[in-house]
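Structure first, commentary second.
To find a chain, count down the sequence lines: A is the first, B the second, and so on, and within it residues start at 1.
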Protein chains: 2
Amino acid sequence: MTSQTTGSPAAPDDPSRTWTIAEVAEEFGVTHRTVRHYEELGLISPDRRGTTRVYHRRDRTRLALVLRGRRLGFPLDEIRTIIDLYDAPRGRRSQLEYVLSQIDERRTDLEQRRRDLDAALAELETFERRCRDDLDRLGRL
Amino acid sequence: MTSQTTGSPAAPDDPSRTWTIAEVAEEFGVTHRTVRHYEELGLISPDRRGTTRVYHRRDRTRLALVLRGRRLGFPLDEIRTIIDLYDAPRGRRSQLEYVLSQIDERRTDLEQRRRDLDAALAELETFERRCRDDLDRLGRL
DNA sequence: GTATTGCTTTACGTTGACGTCAACGTCAAG
DNA sequence: CTTGACGTTGACGTCAACGTAAAGCAATAC
């Protein structure tokens, strides 16, 4: 079900399409409690139609970023400072330089993570080869 | 300070060298509480000299694995099942096949993480370029 | 001697990230 | 008009991963 109360037949690529909390929760595989929790922390700020939350494409974009950050193991408030960075005003030189310094910090962190990840994968594959060799030896007996 | 009470002058590559809890904590940049917590969860199992914990190279190896897993955002009990896998007996075919299936599960997870990581890095670099362009434009005014 | 380190255990506190429950509003369907 | 289905706001519960404080033993430092 779409949330469009207008008679229009729910164009999925309509940039003005909106979603309910149940729809976004379902779509992203989280509970509505999680979605509300992210709103409490300022990670997303859905509109309201009266008292009811109304989610736009913008909210889904941010939610996707939040969940990717979560999969990568970042704390939620750190995730907020990162994605807020993307929306931050960059009019003045000082702001731009601050944003660039933050970017650099982030990248250093992410690159460290990738090193860890690659090392873990490499060890895993070495180990797999050992196991397969053992299995072969068992087969030849 | 080394923990060797013997007269030997602390050879750092001696395979029988041991460490105190303070030394390993210092070396890995964690508190002694963290080290003990990992022991409570069965992630490491140091020897005892009387009541005092004595760490061998083996413990440091496992601790390094634990901390890398932590940097990657894995929960500690999951980390334990992973590194226990490396030490698991692989004598029988059924055991080997189980271990191999676990390896495959792990690798799938790690590869998903790498995709997330690469996407995040790519976006970060796109964003950085935009910012640098903005900065250039400001400079040319 | 005592005093200071450095280690130990026990145990309760904290923080992040939600889960869960109660109590209530609202709107279309029967 | 009542019944669901879906929404809302508190508020408390829970679990992981430690922090932290209390109280004690054991060896070196003075």
(request) Give the rounded distance in Å between these two atoms: CD of E40(A) and C1' of dG16(C). (result) 13 Å
(request) Using heavy atoms to find the nearest nucleotide of DNA chain D for D77(B) and R36(B) separately, return the residue whose nucleotide is more 5′. (result) D77(B)
(message) Whole angstroms only, please: what is the CD-P distance between E26(A) and dC6(D)?
(response) 11 Å
(request) Taking only the side-chain nitrogens and oxygens of T34(B), find out if one of them lies under 4.0 Å from OP1 or OP2 of dG19(D). (result) yes
(request) Let me know the distance between CD of E39(B) and P of dA17(D), rounded to the nearest Å. (result) 16 Å
(message) Tell me whether R115(B) is salt-bridged to E111(B), with the criterion being a basic N under 4.0 Å from an acidic carboxylate O.
(response) no
(request) State plainly whether the residues R132(B) and D136(B) are in salt-bridge range, i.e. N to O under 4.0 Å. (result) no
(message) What I want to find out is whether R130(B) reaches D133(B) closely enough, with some N-O distance under 4.0 Å, to be called a salt bridge.
(response) no
(request) Rounded to the nearest angstrom, tell me the gap between atom CD1 in I21(A) and atom C1' in dC18(C). (result) 14 Å
(request) Please determine, for the side chain of L41(B), which listed nucleotide (dA17(D), dA11(D), dG19(D)) has the closest atom? (result) dA17(D)
(request) Starting from C1' on dA16(D), measure out to CD1 on I79(B) and report it in whole angstrom. (result) 12 Å
(request) Give one of base, sugar-phosphate or nothing for R70(B), where a contact means two heavy atoms less than 4.0 Å apart. (result) sugar-phosphate
(request) Please state how far atom CZ in R49(B) lies from atom C1' in dG6(C), giving the value in whole angstrom units. (result) 15 Å
(message) Would you compute the distance between atom CZ of R106(B) and atom CD1 of I82(B) and round it to the nearest 0.5 angstrom?
(response) 4.0 Å
(request) Could you tell me whether the phosphate oxygens of dG7(D), OP1 or OP2, come under 4.0 Å of any side-chain nitrogen or oxygen in T20(A)? (result) yes
(request) Answer yes when R137(A) and D134(A) have at least one side-chain N-carboxylate O distance shorter than 4.0 Å, and no when they do not. (result) yes
(request) Nearest whole angstrom, please: distance from the P of dA21(D) to the NE2 of H32(B). (result) 12 Å
(message) Taking the nucleotide of DNA chain C with the nearest heavy atom to each, does L76(A) or R33(A) sit closer to the 5' end?
(response) L76(A)
(message) What is the separation between atom CD1 on I44(B) and atom C1' on dA17(D), rounded to the nearest whole Å?
(response) 14 Å
(request) For H37(A) and for T51(A), find the nucleotide of DNA chain C with the closest heavy atom, then tell me which residue's nucleotide is more 5'. (result) H37(A)
(message) dC18(D), OP1 or OP2 - any side-chain N/O from Y38(B) closer than 4.0 Å?
(response) yes
